[in-house]
Amino acid sequence: VDIDQLRRLRQLDRDHHLHPFTEHKGLHERGTFIVTDTVSACVVRDEDGRELLDGAAGLWCVNVGYGRKAIADAVYAQMSKLAYYPSFFHSTTEPPILLSAKLARLAPRRLNHALFSSSGTEANETAIKMLRLINKVRKTPKKRKLIARKFSYHGMGLGTASLTTLPKFAEPYDLPIDGFIEVPGYYPYGAGKKDDAAGYARFCIDETARLIKEHGPDTIAALFAEPIQAVGGVLVPPASYLHDLRQLCRDNDILFVADEVITGFGRVGEWFASNVFDLDPDLLTMAKGITSGYLPCAATMLSDELVDVVHAGGLLAHGFTYSSHPTTAAAALANIAIMEEEQLPQRVREDIGPYFQKKLAAQAEHPAVGEVRGQGLLAAIELLEPGGGVPGPAAELGVKVASFVREEGVIVRGIGNKLAFAPPLVISHAEVDRLFSAVSSAIEKHWRHGS
Ligand SMILES: Cc1ncc(COP(=O)(O)O)c(C=O)c1O
């Protein structure tokens, strides 16, 4: 992009473009970053021609990496043949049929039915509505409340933002709406219980059980859980805690919804994290990695048993214009074919995931690091103040250090006082080295130069 064009683009951006999740005053002062093109699978180029290694895979989504011609070709072929036709009423097209069958094979055992949409938000809003429908058909309409854990992110619709318990996202809109129950999330470091993680897990379960009892299990439809809470800070729980949470739901006749919008499609070394943790969910939602972000596509999967109830309800009065979109489904099929051919979940499980986690663990030796945690190609580093003090929540050290990392030509995400990582699953060993070398330099700069 030449200088005049860049200036013009920035002016138009300022005048007309509202950015999602952006503080606009700061944006207008600084000017936006414009990413222009693909350099290689894990590297993009910005407006200045700088090459940036993307340790965040866009927004945790470009799982197969940038520049995949096979996906572009599949999209071109489908658009040329039939760009769009709906699946409403009694018609459909070929790609969503094939995609639903493929997902039934990849998803946890009981989940054999997919209802498509375009985003993680829509997939979770769809789950919320299916739960209401199911309890109405079952004549248990009182079973309507939904449980979410602290630090969860489930989307930005009114229902899903009510399930999203991060205060920053809820407070400006006076959410949650009625009928949402918040229970503890597993974050021992944040609670100052790093040295008693097992005790903290016990506390989370006991407190969840207490709140279920207080509200009455007969008023609660489901619990939504990201197996690893990502936006909330990459909170990696022990398997025993998730197992206990799952069992608590079973014991109280509360359905378990696994939100795998980030953890799905190989991110943690299996097609779905539910299989890593043996969660056997009743519903599962997915988006992002289903197309590696090439086009918007998402799905809500239901168990056989729940689909029988939905069918008993007659007309399924739910759906979006772009549910079962043939072109986005074609992108998803091409994306999944790449993941299968290149055995990407296996690569994350056996090769690049362990390598990445080893390099991550070495970061813990720096005195500015309070904790590292992760699984597969998902990770976070907790930062301390220069000198080693625990930062207040407003310090936003992660945002600051992520900007230092960017100066080194690497993109990672700053979340509060954390750095978060989710590189494409095709990242090479050398790129992992480069990523952590940039992170080390940035942490050292933070440590030496203070604020
Ligand atoms: C776990 C989880 N669920 C749902 C969503 C919402 O997805 P979308 O932004 O596609 O609506 C996100 C987005 O980051 C997410 O991380």
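Please read these numbers as outputs of a predicted model, since none were measured by experiment. When a ligand or atom number is given, it counts from 1 through the structure's own listing order. We number each residue from 1, following the sequence as shown.
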Asks: Among residues at least two apart in sequence or on other chains, which ones pass side-chain contact (heavy atoms from CB on, under 4.5 Å) with Arg30?
Replies: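 Expected list: none.
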
Asks: Considering the options Ile212, Leu248, Thr208, Leu245, which one meets the side chain to side chain contact (heavy atoms under 4.5 Å, CB included) requirement together with Val183?
Replies: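 Of the listed options, the one satisfying the test is Thr208.
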
Asks: Applying ring-ring contact (aromatic ring centres under 6.0 Å, His included), name anything that partners Tyr187, two or more places apart in sequence or on another chain.
Replies: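 Tyr187 satisfies ring-ring contact (aromatic ring centres under 6.0 Å, His included) with Phe151 only.
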
Asks: Return the protein residues near ligand 1 (heavy atom under 4.0 Å from any of its atoms), ordered by chain and residue number.
Replies: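 These residues qualify: Ser119, Gly120, Thr121, Asn124, Tyr153, His154, Gly155, Glu226, Val231, Asp259, Val261, Ile262, Lys288.
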
Asks: Determine whether the side chains of Thr126 and His318 contain a donor N or O and an acceptor N or O closer than 3.5 Å.
Replies: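 Side-chain D/A pair, Thr126 to His318: present.
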
Asks: Run the side-chain contact (heavy atoms from CB on, under 4.5 Å) test against Thr36 and tell me which residues pass, sequence neighbours left out.
Replies: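 So Thr36 forms a side-chain contact (heavy atoms from CB on, under 4.5 Å) with Val1, Ile34, Arg45.
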
Asks: Do Arg406's NZ or CZ and the ring of Phe33 fall within the cation-pi criteria of under 6.0 Å and 45°?
Replies: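 Ring-cation test returns yes.
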
